[in-house]
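Below is one structure; the comments refer to it alone.
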Amino acid sequence: MFSSKESFQKSFLKRLEMTYGKTFRESTSRDQYNTLGNMVREYISTNWIETNEKNRSANNKQVYYFSIEFLLGKLMGQNLLNLGIRDVVEKGLEELGISLSDIEESESDAGLGNGGLGRLAACFLDSLASLDLPGHGCGIRYKHGLFDQKIADGYQVEYPEQWLRHGNVWEVRKPDQAVDIAFWGSTESREVDGKLEFKHVSPETVVAVPYDMPMIGYETSTVNTLRLWSAEPAHHPPLNRDLLTYKRETEAVSEFLYPDDTHDEGKILRLKQQYFLVSASLQSIIRSFRKKNGSLHNFHEMVAIHINDTHPVLAIPELMRILLDEERMEWEEAWEITTKTISYTNHTTLSEALEKWPIYLFKPLLPRIYLIVEEINERYCKALWERYPGDWNRIEQMAILAHGLVKMAHLAIAGSHSVNGVAKIHSDILKMREMKLFYEFEPEKFNNKTNGIAHRRWLLKANPELASTITEAIGERWVKDPEYLIQLKRFIYDEGMKEKTAKIKQVRKELLAQKIFEQSSMKVDPSSIFDVQVKRLHAYKRQLLNVLHIMYLYNRIREDSNFSVYPRTFIFGAKASPGYYYAKKVIKLINSLAEKVNSDPKVSKMIKVVFMENYRVSLAESIFPAADVSEQISTASKEASGTGNMKFMMNGALTLGTLDGANVEILESVGPSNIFTFGLTAEQVLDYYENGGYRSTEYYHHDVRIRQAADQLINGFFHETEGEFEAIYDSLIAHNDQYFVLKDFSSYAEAQERVEQTFINRGEWQEKSLINIAYSGSFSSDRTIKEYADGIWRIKPI
Ligand SMILES: *Cc1c(COP(=O)(O)O)cnc(C)c1O
């Protein structure tokens, strides 16, 4: 049906009429979208079945990527592209008088994630399928993804996201493969043949129903599966329970994605979600494994399970439970299989983000799992005691259960065979500082896997004009082999190439300017520098540093008639966690500043400030190609890797960044003259934390630029309610600026001047931009996934 324009049109029209009982002329773009989606699903169904068949019959190890988040975005465009049918469809529709991009608009973003961690999982699924690797995702089918953000009077307002409102063409419900998840109740034990047997009695059951989504590889027949679980009430609800309450409580388990990036929400529902995800996924993996293999003695040879951060760490005690209670294995064998199956990625060193669950919540909700965790802890502490006899202090620091808490990261390290960080510097900090004791105990477990991004989404799909220009220059090999982009180095000084890529950037800036106008009726100058900071709003990401610098420019332009800057548009996009007071204040501050700057006749000739609302994957795809400057200005040591930095680089933006996360590796790739770095190093930051010695008030008193901007937060400058930005002021002054904003200010301002000087020399800028694109191939998630496949999972292509 996609073999030619004509045959596509024929089946498309026929289906549209059959499905909706309308003529083509009467159909809406949503009808058209659904029709096209169903055609694509049917088109890939044979390959999907065959991939599953091959995986079942071949003796090929499978990996399952457990993640509480998958930030997929829209799927239609990428699927058409990967299947090589985008052109046929686009041309066919064009002749019918409709545009593919209009149809794509009616798809909702699958926003089942908060930010980097969830997007990483989505990029990984693209690479797994495209590399023909037998790898599948396991997640939760949240009814509501990350909230929709609107800005009202400068404040963030949250609305429940509704991606399923019009259905989801990509999913297939599989009720026959549903499994039961047991919560609450109690455990009973009895001795059978000299062995204790445990039983979970009178639990409350939630039914987990799988919805499968095809993950289609690029120009290959491989179609992997993302299995998302939905919570439903059992057919036979518990006696003595109010039916409606029971229904509401069970469905609540997969109702909302927790809109919290780093802090532990501390809600029992969240723990329920975590167990729901791992128990459902493991039960279904083991059910099909048993069908084929009978016993589970070689489970770890055929199955790898990866846990994306600690949220799915209960996979460890859950797998133990199945091996012990259902398979009746001895502890030692069960533990060996479990640790050899599971591997773990750490995503943060922020201590407030390390998950810890109070035992008084954990134990009643998951009574059998708790007993197993207790035993894991006891045996782990015993091993530590044997290695470090008498070192109570060390053992206390490493224990899984301590001070009334279950420490999820400790459980993850103890129960897996691999622990990795997500960028070189992050993995080093884990080994040398945050997880030093664990590294000393089991150094062989620790390794690094620098994050990557799906270059087929973030370049090929998001920036098709740049992609074809690259292909014209070096051929299409880079699409399957992204490190081949290095061949672009031959074109760095090629005037034709420089002109073409500059033109493409210009066009994308004009498109973004148009979008900004549609959103906020604001006119921005597409020939100005597009200086972009888009990411979650968090103190450590330091949107505030960017803001203070813009305030300084504003003050200087107004006060010093000899001062001028090259025109610049500062673009922000960020969601703040709804309960994160400080972050929401910074959003308000950006909007208040935008109003000040944009309404000042003198200042707005040179600079503008834009806050784009509802930052999400689909919006990101129109922002990265239009950026000149990539703001990656986190406090060094705090950003584990970052992936936004890679998307900008791949689209030819130059990084302005600290030596943090993968910025360090971007610097190593492109060299110091093709990136703008500034600020404290991670080592300096960590030394300050350890030894003190930083006083933010010194910088406040000695730098008039800082003092003026800081004072403006509280002296009525912004015409907001009194005290509106007091918390921000206090964070800098009263609380001694924990993220070194003031310390790094001067160095940042200097780096911004270097950015400007370089941009003015357009030819030089364009060369640096090309160098960034040329070296971006090693930041493809294809490279990352190959490293996981070879180094951790030991899996081979199908
Ligand atoms: C890539 C991406 C992120 C992560 O951005 P960072 O700058 O690495 O924090 C967050 N949200 C969306 C929508 C993304 O596409």
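Start at 1 and go down the list; that is how both ligands and their atoms are numbered. Only heavy atoms go into these numbers, but all of them, side chains included; no hydrogens, no water, no symmetry mates.
Cation-pi check for Arg456 over Trp458 is not met; the charged atom does not lie both under 6.0 angstrom from the ring centroid and within 45 degrees of its normal. In this structure, Lys638 is not positioned above the aromatic face of Tyr739 in the sense of NZ or CZ being under 6.0 Å from the six-membered ring centre and within 45° of the axis.
At least one heavy atom of Trp458 sits less than 4.0 Å from an atom of ligand 1.
Remark: ligand 1 and Asn114 share no N or O pair separated by less than 3.5 Å (distance only, no angle test).
At the top of the distance list for atom 11 (N) of ligand 1, counting protein heavy atoms only, stands Tyr615 CE2, 3.6 Å. Of the protein's heavy atoms, Lys647 NZ, 2.9 Å lies nearest to atom 14 (C) of ligand 1. At the top of the distance list for atom 10 (C) of ligand 1, counting protein heavy atoms only, stands Gly115 CA, 3.6 Å. Of the protein's non-hydrogen atoms, Lys541 NZ, 2.8 Å is the one closest to atom 9 (O) of ligand 1. Closest protein heavy atom to atom 5 (O) of ligand 1: Gly644 N, 3.8 Å. Protein heavy atom at the shortest distance from atom 7 (O) of ligand 1 is Lys535 NZ, 2.7 Å.
Below 4.0 Å from some heavy atom of Gly116 lie the following atoms of ligand 1, by number and element: 3 (C), 4 (C), 10 (C). The atoms of ligand 1 that sit less than 4.0 Å from any heavy atom of Gly642 are 8 (O). Heavy-atom contacts of Thr643 reach the following atoms of ligand 1: 1 (C), 4 (C), 8 (O) (cutoff under 4.0 Å).
Between the side chain of Asp148 and the main chain of Glu161, no donor-acceptor pair closer than 3.5 Å is present.
Between Lys74 and Glu104 no salt bridge is recorded (no basic side-chain N to carboxylate O distance below 4.0 Å). A salt bridge is absent between Arg568 and Asp628; no separation between the charged side-chain nitrogens and carboxylate oxygens falls under 4.0 Å.
Separation of atoms CD1 (Ile590) and CD (Gln156) is listed at 11.0 Å; rounding is to 0.5 Å.
Between Tyr748 and Phe678, the ring planes are tilted. Angles from 30° to 60° get that label.
Considering Thr569, Ile623, Leu512 as possible partners of Val532, the one that fulfils the side chain to side chain contact (heavy atoms under 4.5 Å, CB included) test is Ile623.
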